[in-house]
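Both counts, for ligands and for their atoms, begin at 1 and track the order of listing. Values reported hereafter were calculated over all heavy atoms of this structure, with side chains retained and with hydrogens, waters and symmetry mates removed.
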Amino acid sequence: MTIAEALRLYPLPRLEARMLLQQAAPALTHARIVAYPEQALSAEEEANFRVLAARRAAGEPVAYLIGRREFYGRDFTVGPQVLIPRPETEHLIEAALQRFGGRAARVVDLGTGSGAIATTLALEAPEWRVRAVDLSPEALTIARGNAERLGAQVEFHQGSWYQALPADAVFDLIVSNPPYIRSDDEHLGQGDVRFEPRMALTDEADGLACLREIAAGAPRHLLPGGWLMVEHGYDQGPAVRGLFAAAGLQQVETIVDLAGLDRITLAMMKAD
Ligand code: GLN
């Protein structure tokens, strides 16, 4: 089978087919794939490609098939144990860097998954002390591997939200991209999401259960003048602003994503 025949095997978007082909035939560069479509694949490359392309055609996310996804300019290892990092989460990184960039800060990422947020923050702001929490030991294995491979100093804790941390741990910044999809949201049955860990996507309730817990616990763990920043669903802005206000946080604000949708809400612990 030639490169051109492989790329036509399934009706996949051309870029996806090329990415899978490079995964199946590591010796092939993108330039070779484009320049030599008539080149024949080895039997092993062809067999590898057929498996990957069939799995993609059946819906598996490209990120899981190639084992990585880019986030904030770096490649993160991902697998079905962790949520695939999304571009909209980069707004959380920018909001965090804007408020504390350039000065020492104690930071925690709750529900770190692949570790994309914690690792990115530790690398972009080396003066910060970054911790990360996840309930899933399998996710933490992936997160630790990402931090190590990318050279980030992150301290990992296994457990549920704040309970994973020492009771007296205090922070300048708490960030989280928690599961916020309602359990009956039809989106859970569509596209890449079907293959992602359900516990990273939904609280099995109204979508606000984890956000509620994170907001309610924040005042006990935020230093005066510290910030809480969370990602949430496009229709959860008013509810999350309400949760933050109810927790006594101030300067509550929502940031929209590139599609103009409510995506990140942040607020400050009063600086008394
Ligand atoms: N942004 C993801 C999605 O809508 C959900 C991630 C999450 O629940 N934190 O697919």
For Glu44, all residues meeting side-chain contact (heavy atoms from CB on, under 4.5 Å), sequence neighbours excluded
Ser42, Asn48
So, using side-chain contact (heavy atoms from CB on, under 4.5 Å) as the criterion, who are the partners of Leu223 when residues are at least two apart?
Arg106, Val170, Asp172
If you look at each N/O of ligand 1, which protein N/O atoms lie under 3.5 Å away, and at what distance?
from: ligand 1; atom 1: 1 (N); to: Tyr180; atom 2: OH; distance (Å): 2.9
from: ligand 1; atom 1: 8 (O); to: Tyr180; atom 2: N; distance (Å): 3.3
from: ligand 1; atom 1: 8 (O); to: Leu201; atom 2: O; distance (Å): 3.3
from: ligand 1; atom 1: 9 (N); to: Asn177; atom 2: OD1; distance (Å): 2.8
from: ligand 1; atom 1: 9 (N); to: Pro178; atom 2: O; distance (Å): 2.7
from: ligand 1; atom 1: 10 (O); to: Arg86; atom 2: NH2; distance (Å): 2.8

What residue among Gln98, Arg241, Met229, Gln251 forms side-chain contact (heavy atoms from CB on, under 4.5 Å) with Leu266?
Met229
Flag, side chain of Glu196 to backbone of Ile84, donor-acceptor distance under 3.5 Å:
yes
Any carboxylate oxygen within less than 4.0 angstrom of a Lys/Arg side-chain nitrogen, looking at Arg69 and Asp192?
no
By salt bridge (Lys or Arg N to Asp or Glu O under 4.0 Å) - contacts of Glu88 (at least two apart):
none
